[in-house]
Amino acid sequence: AANKNDLHQAVIYSLSNIRLGTMYCRNCVMVDEVVGHAVINRGVRPLIELRGRLETALAREVGEELHIAEGEHENSDSLLKREVAYSQRAYGWQARLDHIAEWISVGRPERWKNNVSFPTSIDRMHAIARLLRIELALYRYYSEQGEFPEALEKLVPHYLASVPVDPFTRQALIYRRDGNAFSLYSVGRDG
């Protein structure tokens, strides 16, 4: 649809993938979450490519849907607890023994060798969605005001309900305006 310049249909397809992936992630174990994120990424990727070409109404709809989708994800702590419980039921005493050894030697489940990259991948997905939401709001602001705002706070409440934070630092995402251009980014997992 995007190649045929049917932006409305491309957005519908992308948002459908995001909704499907989000549904797949509900009350799941880690493998389901990974598959759900793959489906979500399949929907987000075309939106990233289209972000500067969307008319105001479509940009608003995409931003709202991304915000809703992020709000429907549960935190990684809950998912990891369910993963531990599931694997102990599925694999019996061997899994329980392995988990006891992990608790003693490493600590909480998010630090276990099989789980250590999982919270980072969740944060990465949230960072991408938040950056896209902000960028769409910035383009909407630009189309109405003729310039980009000096600070992201200018987008609240008309373009964003609140300014999303960087999931890696729990601080503001980095935004710098430079005339009719801007830089917007997350520090990422490496800081």
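In this text, all values refer to a predicted model and were calculated from it rather than measured experimentally.
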Got a second to check how far Ile128's CD1 is from Asp123's CG, nearest 0.5 Å? 11.0 Å

What pair of heavy atoms forms the shortest contact from Ala95 to Ser87, and how long is it? CB-O, 3.5 Å

Are the side chains of Met30 and Arg82 in contact, using a 4.5 Å heavy-atom criterion? no

Please find out if less than 6.0 Å separates the ring center of His126 from that of His37. no

Leu58 versus His8, closest heavy-atom pair with distance: CD2-CD2, 3.7 Å

Give the minimum heavy-atom separation between Glu72 and Thr22, together with the two atoms involved. OE1-CG2, 3.4 Å

Please check this pair: side chain of Ser78 against backbone of Glu74, looking for a donor-acceptor N/O pair closer than 3.5 Å. no

Give a yes or no on this: more than 12 heavy atoms of other residues, nucleotides or ligands lie within 6.0 Å of atom CZ of Arg26. yes

Should Leu80 and Arg108 count as side-chain neighbours, where that means a heavy-atom distance under 4.5 Å? no

Got a second to check how far Leu79's CG is from Glu110's CD, nearest 0.5 Å? 12.0 Å

Looking only at heavy atoms, what is the nearest atom pair of Phe168 and Ala127, with distance? CE1-CB, 4.0 Å

For residues Val156 and Leu131: do they belong to one hydrophobic cluster (side chain heavy atoms under 4.5 Å, members Ile, Leu, Val, Met, Phe, Trp, Tyr)? yes

Separation between CG of Leu160 and OG of Ser162, rounded to the nearest 0.5 Å: 7.5 Å

Hey, quick one: are Val84 and Val106 part of the same hydrophobic cluster, counting side-chain heavy atoms closer than 4.5 Å, chains of contacts allowed? yes

Close side-chain approach of Tyr175 and Ile134, heavy atoms under 4.5 Å: no

In terms of hydrophobic clusters joined by side-chain contacts under 4.5 Å, are Ile18 and Val39 together? no

Could you tell me whether the side chain of Arg96 and the main chain of Gln88 form a donor-acceptor pair under 3.5 Å? yes

Measuring from atom CD1 of Ile100 to atom OG of Ser105, what distance do you get when rounded to the nearest 0.5 angstrom? 12.0 Å

Is it the case that the side chain of Arg51 and the backbone of Ile48 share a donor-acceptor pair, with hydrogens and angles ignored and the cut-off at 3.5 Å? yes

Restricting to ring pair (Phe, Tyr, Trp, His ring centres under 6.0 Å), what partner residues turn up for Tyr159, sequence neighbours left out? Tyr141

Looking at side-chain heavy atoms only, is the closest gap between Ile40 and His73 below 4.5 Å? yes

Distance in Å, Arg177 CZ paired with Tyr142 OH, rounded so as to fall on 0.5 Å steps: 10.5 Å

Minimal heavy-atom distance between Pro149 and Leu155, with the atoms involved, is CG-CD2, 4.0 Å

Worked verdict on Lys113 versus Glu102 for salt bridge (charged side-chain N to carboxylate O under 4.0 Å, His left out): CA-CA 9 Å; Lys113 64 182 179 274; Glu102 290 277 4; 3.0 Å; yes

Short side-chain to backbone donor-acceptor contact, Arg130 and Val165, under 3.5 Å: yes

Donor-acceptor pair, side chain of Trp112 and main chain of His99, under 3.5 angstrom: no

Is it the case that over 12 heavy atoms from other parts of the model lie below 6.0 angstrom from the CZ atom of Arg124? no

Going by an N to O cut-off under 4.0 Å, is there a salt bridge joining Glu65 and Arg19? yes

Please answer whether the main-chain N or O of Val29 pairs with a side-chain N or O of Glu83 as donor and acceptor at a distance below 3.5 Å. no

Show every donor-acceptor pair shorter than 3.5 Å between a side-chain atom in residues 178-188 and any protein atom, with sequence neighbours excluded, or say none if there are none.
residue, atom, partner, partner atom, Å
Tyr185, OH, Arg176, NH1, 2.8
Ser186, OG, Asp166, OD1, 2.9
Ser186, OG, Asp166, OD2, 3.0
Ser186, OG, Gly188, N, 3.1

With a 4.5 Å limit on heavy-atom distance, are the side chains of Leu66 and Val44 in contact? yes

Looking only at heavy atoms, which two atoms of Arg133 and Glu70 are closest? And how far apart? NH1-OE1, 3.7 Å

If Ile, Leu, Val, Met, Phe, Trp and Tyr residues are connected whenever their side-chain heavy atoms lie under 4.5 Å apart, and connections chain through other members, are Tyr86 and Val31 in the same group? yes

Should we count CD of Glu150 as having more than 12 external heavy atoms under 6.0 Å? no

If hydrophobic clusters are built by linking Ile, Leu, Val, Met, Phe, Trp and Tyr wherever their side-chain heavy atoms come under 4.5 Å apart, do Leu54 and Phe148 end up in the same one? no

In sequence, state the C-alpha distance, the side-chain angles, and the governing distance for Leu136 and Leu47, and then conclude on side chain to side chain contact (heavy atoms under 4.5 Å, CB included). CA-CA 10 Å; Leu136 291 169; Leu47 294 174; over 6 Å; no

